[in-house]
Amino acid sequence: AHTPADVYGFYAMSCHAAVASRLRRLVKQIWPKAVTVAGGPHASLAPMDFTKEWFDAVVMAQTGGGGGEEGLLALLRDVTVYGKPRKRLYPSKRGNMSHWNWPDRRLVDWESYEYRLKGERAASIVTQGGCPYVCHFCSHGPGYTDLGRRDHDHVRAELREIKSRFGQRAVMLYDDEVNIDGRKVGGHFDRLCRVLREEGFIWRAFIKSNIFDARQARLAAESGAVQFCTGAESADPDIKKAILKKSTVEDDTRFVRLCLENGIQPKVFTMVGQEGETRESALRTKAWLLDMVRLGLKDFDVTVYTPYPGTVLFDNPEKYGLRLRRPLDYTRDTIIYKGKPGEYKGYVDVVDVKTGKTLLTAEEIVALRDEIERDVRRAAGSARAKTDGG
């Protein structure tokens, strides 16, 4: 059959790798001569996973916020000239994020894209890439800790196209932590707030709680911020220290308070099953979430820790007290960190590094996760009903 395209590219995070592999096989069944290419975080961190799955080529980025354009263009040139890729791996050097244009959103099926903020259909953008923090649970490939930022006029131009062409005035910022330089007056965060305010957008972003302060909260609220999310991960000080989180329980509590005081909806992300986790430490997280609900928190996540490629925990789980139940093959199994209540799966037991004693089994981790979410959601629902006069 005639193929409508010469090259089919598949972007995949680790939790998408199995789906990308299945789609590659489907494309090859229908169009055997089509060139299939893997890209995205999993391709950059574990490229050989995709070469063993018979992708024709893999594009690799060397920065946290993307950066695979150079490798993709080199591949496309090879296909144009030679009819096929000349190699399996196409690495990209770190480049200026403002050098590349933004996505062509005309290709988005907006009727099925149902992401909304305050009822407004929202687009997704990235204004900076990379994160200087080295939390154990997070992937850190080459160049990931180096920050790359877009010029603010470049961001403004993209926002104006989103407004004029698609009629949208809401955006989700997928920067790893939008306020990395938030305490620097006149820095990236300040200028970004000004651009968003002047262009009339409402927005949502990820925030690092240990550097979030009242000035940032005020600026963000004035610029249209409607929700901020932070990765608290745990409310146990020992676990936060072990995973190199760099934020304290007090930082996370201050984040919730500042958001609420400035009319921004806070959301916190937590996990169960990290290194050193016990039932007692998990219940500390539950107790803290219940305290935050009493303050006014309405939105949160509780997930099961899952080791992903590129993390120190994936490479050396035993060193950090994690025992894998079986080898994890991300190209065959859909291994997700966030799922539906009642459908979560655990892949590791937590053990004492010194004694080897099991602290929590994978099944106990999932049960604790379900217990925490159930009880905190119930409390949040009751608090909401009281607020609404119910």
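Along the sequence shown, residues carry numbers from 1.
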Is a salt bridge present between [X] and [Y], judged by a nitrogen-to-oxygen distance below 4.0 Å?
| X | Y | value |
| --- | --- | --- |
| Arg116 | Glu114 | yes |
| Lys241 | Asp236 | no |
| Asp252 | Arg257 | no |

ask   = Quick check: are there more than 12 heavy atoms from other residues, nucleotides or ligands sitting under 6.0 Å from NZ of Lys338?
value =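 Open.
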
request  = Kindly write out the residues that satisfy salt bridge (charged side-chain N to carboxylate O under 4.0 Å, His left out) with Glu233, not counting sequence neighbours, or none if the list is empty.
outcome  =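 Lys245.
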
inquiry  = Side chains of Gln227 and Asp299 only: does a donor on one sit below 3.5 Å from an acceptor on the other?
reply    =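 There is such a pair between these side chains.
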
Determine whether a donor-acceptor pair (N or O, by modelled atom type, separation under 3.5 Å) exists between the side chain of [X] and the backbone of [Y].
| X | Y | result |
| --- | --- | --- |
| Asp291 | Trp288 | no |
| Tyr344 | Gly339 | yes |
| Arg204 | Val226 | no |

ask   = Checking side-chain contact (heavy atoms from CB on, under 4.5 Å) for the pair Phe166/Trp110: CA distance, chi angles, key distance, verdict?
value = CA-CA 9 Å; Phe166 305 104; Trp110 291 109; 3.5 Å; yes

Hey, are the side chains of [X] and [Y] touching, using non-hydrogen atoms and a 4.5 Å cut-off?
| X | Y | answer |
| --- | --- | --- |
| Ile125 | Leu173 | yes |
| Ile336 | Thr306 | no |
| Phe137 | Pro307 | no |

Quick test of your reading: applying salt bridge (charged side-chain N to carboxylate O under 4.0 Å, His left out), list the pairs with at least one residue in [range], sequence neighbours left out, ordered by first then second residue.
| range | value |
| --- | --- |
| residues 16-25 | Arg25-Glu53 |
| residues 215-227 | Asp190-Arg215 |
| residues 273-282 | Arg279-Glu371 |
| residues 346-363 | Arg323-Asp349, Arg325-Asp349, Arg325-Glu363 |

Let me have the donor-acceptor pairs involving side chains of residues 76-83, under 3.5 Å, with sequence neighbours excluded, atom names and distances please.
{"from": "Asp78", "atom 1": "OD2", "to": "Tyr90", "atom 2": "OH", "distance (Å)": "2.7"}
{"from": "Thr80", "atom 1": "OG1", "to": "Leu76", "atom 2": "O", "distance (Å)": "2.8"}
{"from": "Tyr82", "atom 1": "OH", "to": "Arg86", "atom 2": "NH1", "distance (Å)": "3.2"}

task = Give me the one residue out of Phe255, Phe189, Phe206 that meets ring pair (Phe, Tyr, Trp, His ring centres under 6.0 Å) with Phe212.
result =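 Looking at Phe255, Phe189, Phe206, the match for Phe212 under the ring pair (Phe, Tyr, Trp, His ring centres under 6.0 Å) is Phe255.
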
message = Looking only at the aromatic ring of each residue, does the gap between the centers of Phe228 and Trp203 stay below 6.0 angstrom?
response =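 Yes, the ring centres sit under 6.0 Å apart.
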
request  = Decide if the gap between the ring center of Tyr308 and the ring center of Phe314 is smaller than 6.0 angstrom.
outcome  =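 Centroid separation for Tyr308 and Phe314: 6.0 Å or greater.
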
task = Among Lys28, Arg88, Lys84, find the one that has a salt bridge (Lys or Arg N to Asp or Glu O under 4.0 Å) with Asp56.
result =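 The option that passes is Lys28.
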
query = Is the cationic atom of Lys208 (NZ for Lys, CZ for Arg) positioned less than 6.0 Å from the six-membered ring centroid of Tyr133 and within 45 degrees of its normal?
reply =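 Yes - Lys208 lies over the ring of Tyr133, closer than 6.0 Å to its centre and within 45° of its axis.
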
